[in-house]
There are 2 protein chains.
Amino acid sequence: MLKARDTMTCQIRDVLDRVGDKWTLAVVNELGGGPRRFTELKRGVPGISQRMLTVALRVLERDGLVGRTVHPVVPPRVDYELTALGRALLERVWGLIDWTVENHHEIEKARGRYDSLNR
Amino acid sequence: MLKARDTMTCQIRDVLDRVGDKWTLAVVNELGGGPRRFTELKRGVPGISQRMLTVALRVLERDGLVGRTVHPVVPPRVDYELTALGRALLERVWGLIDWTVENHHEIEKARGRYDSLNR
DNA sequence: CCGCATCCTACTCGATACTG
DNA sequence: CAGTATCGAGTAGGATGCGG
């Protein structure tokens, strides 16, 4: 029998504060491919707005998951890259992603059953 | 070098649709301790409203992560429990939780540094 | 090129009240 | 006990315009 983690509710809050929003995970994943410039990230994460990318990067930088390097040149150049901490997180997130990929079909079937029963 | 998962952005949406909200994970975790009645879940997940518990349970039931059993008695009695699919998800989520626990202190330090530098 | 400030909309969520 | 219905406040996030 699986056992519930004790005092987990507050830890779940911590987890979700980090990865629970739409864009943070996508940005972290994109950075998993190596250092990226701001504009490269914007291209690499389809649908993200400039504002949301900025916000996501600031949060990640503040939490020490992403490093930010400003090159004093014109035009400005800024590189972002995962820290060791960020790479460790990405590997855990892949556990979740893999689960979704592995079970995508079964979930779809469950939904079909549910929806046909409840109209 | 870590490599980014290809076509990951849409899969991230799938993941977040499942576990990206405040309460779903907490409910799944509580059910990790075994079958629970509605009111037991409400007590076991501090701060959750009746409405949010209902919504979370419906989503989880629809996706086949949680089973729902209605006992035809008065007063009504309904039991919820994780399916095999739900238990598999919970184990992956623990990977994330453990990362948070392991690195909580380092994240706090990073925040302190960031905040002191940027006032 | 990089990113902040502002405005505005749409949805989320909590509180409350009510039902089988 | 186990929900459903309704309403209002708060917030996330897109659009736009400007500045270094």
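The structure displayed is predicted, hence computed values, not measured ones. Residue numbers begin at 1 in each chain, while the letters A, B, ... track the order of the sequences. These values consider heavy atoms only, across backbone and side chains, with no hydrogens, waters or symmetry-generated copies.
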Peer 1: Between the protein and nucleotides 7-14 of chain D, list the N/O to N/O atom pairs that are separated by less than 3.5 angstrom.
Peer 2:
residue : atom : partner : partner atom : Å
D/dG13  : N7   : A/R51   : NH2          : 3.4
D/dG14  : OP2  : A/S49   : OG           : 3.2

Peer 1: Going by distance alone, is a donor N or O of one side chain under 3.5 Å from an acceptor N or O of the other, for B/Y80 and B/R36?
Peer 2: no
Peer 1: Tell me which one of A/V66, A/L57, A/L60, A/D63 satisfies side chain to side chain contact (heavy atoms under 4.5 Å, CB included) with A/T24.
Peer 2: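 Going through the options one by one, the only one that passes is A/L60.
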Peer 1: Among D/dT4, D/dG17, D/dC1, which is the nearest nucleotide to the side chain of B/T54?
Peer 2: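 Within the option list, the nearest is D/dT4.
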Peer 1: Between A/D79 and A/R68, is there a salt bridge with N-O shorter than 4.0 Å?
Peer 2: no
Peer 1: Quick test of your reading of the model: are A/E61 and A/R58 salt-bridged, counting only N-O distances below 4.0 Å?
Peer 2: yes
Peer 1: Would you say A/V70 ends up clustered with A/L82 if hydrophobic residues are merged whenever their side chains have heavy atoms under 4.5 Å apart, either directly or through other cluster members?
Peer 2: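 In one cluster: yes.
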Peer 1: How long is the line joining CG of A/L53 and P of C/dC4, in whole Å?
Peer 2: 10 Å
Peer 1: To the nearest Å, how far apart are B/L16 CG and C/dC11 C1'?
Peer 2: 17 Å
Peer 1: Determine the minimum heavy-atom distance between A/L89 and B/L96, stating which atoms define it.
Peer 2: CD1-CD2, 3.6 Å
Peer 1: Between D/dC1, D/dG3, C/dC4, which nucleotide gets closest to the side-chain atoms of A/R58?
Peer 2: C/dC4
Peer 1: Let me know the distance between NZ of B/K42 and P of C/dG14, rounded to the nearest Å.
Peer 2: 10 Å
Peer 1: Measure from the side-chain heavy atoms of A/F38 and tell me the nearest of D/dG3, C/dG3, D/dG20.
Peer 2: C/dG3
Peer 1: Report the distance from atom CZ of A/R68 to atom C1' of C/dC1, rounded to the nearest whole Å.
Peer 2: 12 Å
Peer 1: Counting just side-chain N and O atoms, does B/Y80 come under 4.0 Å of either OP1 or OP2 of D/dG3?
Peer 2: yes
Peer 1: Distance check needed: D/dG3 P versus B/H71 NE2, whole Å only.
Peer 2: 12 Å
Peer 1: Could you go through A/R92 and B/E102, starting from their C-alpha distance and side-chain angles, then the distance that decides it, and tell me whether this counts as salt bridge (charged side-chain N to carboxylate O under 4.0 Å, His left out)?
Peer 2: CA-CA 12 Å; A/R92 305 304 179 100; B/E102 290 163 14; 3.2 Å; yes
Peer 1: Take the protein atom CG of B/D79 and the nucleotide atom C1' of D/dA2, then report the distance between them rounded to whole Å.
Peer 2: 12 Å
Peer 1: So which nucleotide from C/dG3, D/dT4, D/dC1 ends up closest to the side chain of B/R37?
Peer 2: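 The answer is D/dC1.
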